[in-house]
Amino acid sequence: MPTRQTSPVSRARTSLWHTALFVLVVSSIVWLGAINVRALIGNDIFKTSATEIRFDDTLDPRAEREAYRLIAITSIVVLVSYTLVIVSGIVFLAASPFALKEHGWLMMSAILFYLFVPVEVYTLHIDWKIIYQEFYTTADNSAFRELFIARIKALAGAPF
């Protein structure tokens, strides 16, 4: 039986898209997990009723400050992992042997993902402000609350 020989270029290309796919999957899991953790932390700041959501007035200011600190830390994880998702997604699409014309599921996935990149970049910009406030300033809870409200209201819920 003859053995099939591949060129070094095709082996490198195969290795590249396999690596990009691995990084894409792992960073996507981390990104989606960090988004959920951040949402759960943010939910602790609110008091919900049947008709409205408002900040919990009975929450100790130190506890609220700690929640904002945790939100800033998870925002770093979101920022890094989302950047890896974008880069590895581009590398995967460029290097993979899958033709977008033949694999409609891949084309639709790429369109839906990259369609929302501007929305995510805008909300990541707000997250960056939260990170900056946490690690480079001595801002009080009102500054974090203002940024957090801006994050929630960003683009009328489009990040969801």
Side-chain angles (χ1 to χ4, degrees), residues 16-96 98 103-160:
L16 179 66
W17 78 264
H18 279 119
T19 304
L21 180 61
F22 177 76
V23 172
L24 178 66
V25 169
V26 171
S27 57
S28 295
I29 291 169
V30 172
W31 171 51
L32 294 172
I35 287 173
N36 288 320
V37 168
R38 186 176 55 192
L40 289 171
I41 293 168
N43 192 38
D44 289 340
I45 300 173
F46 295 116
K47 182 182 264 185
T48 58
S49 66
T51 58
E52 67 180 0
I53 297 175
R54 56 188 169 88
F55 282 94
D56 188 359
D57 296 331
T58 62
L59 189 64
D60 186 298
R62 292 176 300 185
E64 184 178 356
R65 181 71 176 90
E66 181 65 18
Y68 292 132
R69 187 181 75 76
L70 292 172
I71 288 170
I73 291 169
T74 56
S75 292
I76 293 170
V77 175
V78 169
L79 183 72
V80 170
S81 60
Y82 189 71
T83 303
L84 284 173
V85 168
I86 290 174
V87 171
S88 62
I90 291 169
V91 171
F92 173 76
L93 288 174
S96 73
F98 303 117
H103 299 279
W105 61 271
L106 182 60
M107 183 178 71
M108 286 306 298
S109 297
I111 288 171
L112 287 174
F113 178 75
Y114 290 107
L115 184 69
F116 279 93
V117 167
V119 173
E120 287 296 327
V121 168
Y122 177 73
T123 56
L124 286 173
H125 173 71
I126 296 172
D127 289 342
W128 174 251
K129 288 180 181 180
I130 293 172
I131 294 166
Y132 181 80
Q133 291 284 349
E134 172 61 35
F135 295 107
Y136 299 108
T137 68
T138 57
D140 60 344
N141 283 353
S142 63
F144 283 105
R145 188 177 277 200
E146 182 179 312
L147 286 171
F148 191 64
I149 289 170
R151 171 88 173 72
I152 292 172
K153 290 182 177 179
L155 302 173
F160 268 127

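Side-chain atoms are counted along with the backbone in the values below, which use heavy atoms only and exclude waters and symmetry mates.
Using cut-offs of 30° and 60° for the angle between ring planes, the Tyr68 and Phe144 rings count as parallel. Using a 30° and 60° split on the angle between ring planes, Tyr132 and Trp128 fall in the tilted class, from 30° to 60°. Ring geometry for Phe113 versus Tyr82: interplanar angle of 30 to 60°, hence tilted.
Considering Val25, Leu106, Leu16 in turn, Leu106 is the only one that fulfils the side-chain contact (heavy atoms from CB on, under 4.5 Å) rule with Phe92. Results of the side-chain contact (heavy atoms from CB on, under 4.5 Å) test with Ile71 over Asp127, Val37, Ile131, Ile45 single out Ile45 as the only residue that passes.
A pairwise comparison of heavy atoms in Leu59 and Ala63 identifies CD1-CB, 3.9 Å as the closest pair. Between Leu24 and Ser88, the shortest heavy-atom distance links the atoms CA-OG, 3.3 Å. When every heavy atom of Thr74 is checked against every heavy atom of Ala34, the shortest pair comes out as O-CB, 4.2 Å.
Rounding to the nearest 0.5 angstrom, the gap separating the CG atom in Leu93 from the CD1 atom in Ile90 is 8.0 Å. The structure places CD1 of Ile130 at 11.0 Å from NE2 of His125, a figure rounded to the nearest 0.5 Å. Separation of atoms CD1 (Ile35) and OG (Ser81) is listed at 7.5 Å; rounding is to 0.5 Å. Once rounded to the nearest 0.5 Å, the distance linking CG of Leu84 with CG of Leu79 reads 10.0 Å. Here the OH-OG distance, from Tyr114 to Ser109, works out to 11.0 Å after rounding to the nearest 0.5 Å.
The local environment of CD in Glu66 is crowded, with over 12 non-hydrogen atoms from other residues, nucleotides or ligands closer than 6.0 Å. Counting heavy atoms of neighbouring residues, nucleotides and ligands inside a 6.0 Å radius, atom NE2 of His103 exceeds 12 of them.
Looking at Trp31 and Val78, their side chains come closer than 4.5 Å, going by heavy atoms from C-beta outward. Here the side chains of Val119 and Tyr122 are not in contact, with every heavy-atom distance at 4.5 Å or above. Between Arg151 and Arg38, the closest side-chain pair of non-hydrogen atoms falls below 4.5 Å. Under the 4.5 Å side-chain criterion, counting only non-hydrogen atoms from C-beta, Asn141 is not in contact with Phe148. Side-chain contact between Arg145 and Glu64: present, with at least one pair of heavy atoms (C-beta onward) separated by less than 4.5 Å.
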Practice problem: Evaluate side chain to side chain contact (heavy atoms under 4.5 Å, CB included) for Phe46 paired with Ile152, printing each intermediate quantity in order. | Solution: CA-CA 12 Å; Phe46 295 116; Ile152 292 172; 3.2 Å; yes
Could you walk me through whether Glu134 and Arg65 satisfy the side chain to side chain contact (heavy atoms under 4.5 Å, CB included) test, starting with their C-alpha distance in whole Å, then the side-chain angles of each, then the deciding distance to 0.1 Å, before giving a yes or no? CA-CA 10 Å; Glu134 172 61 35; Arg65 181 71 176 90; 2.5 Å; yes
Using side chain to side chain contact (heavy atoms under 4.5 Å, CB included), reason through Thr58 and Lys47 one step at a time and then give a plain yes or no. CA-CA 9 Å; Thr58 62; Lys47 182 182 264 185; 4.3 Å; yes
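Here the side chain of Asp44 pairs no donor or acceptor atom with the backbone of Ala67 at under 3.5 angstrom.
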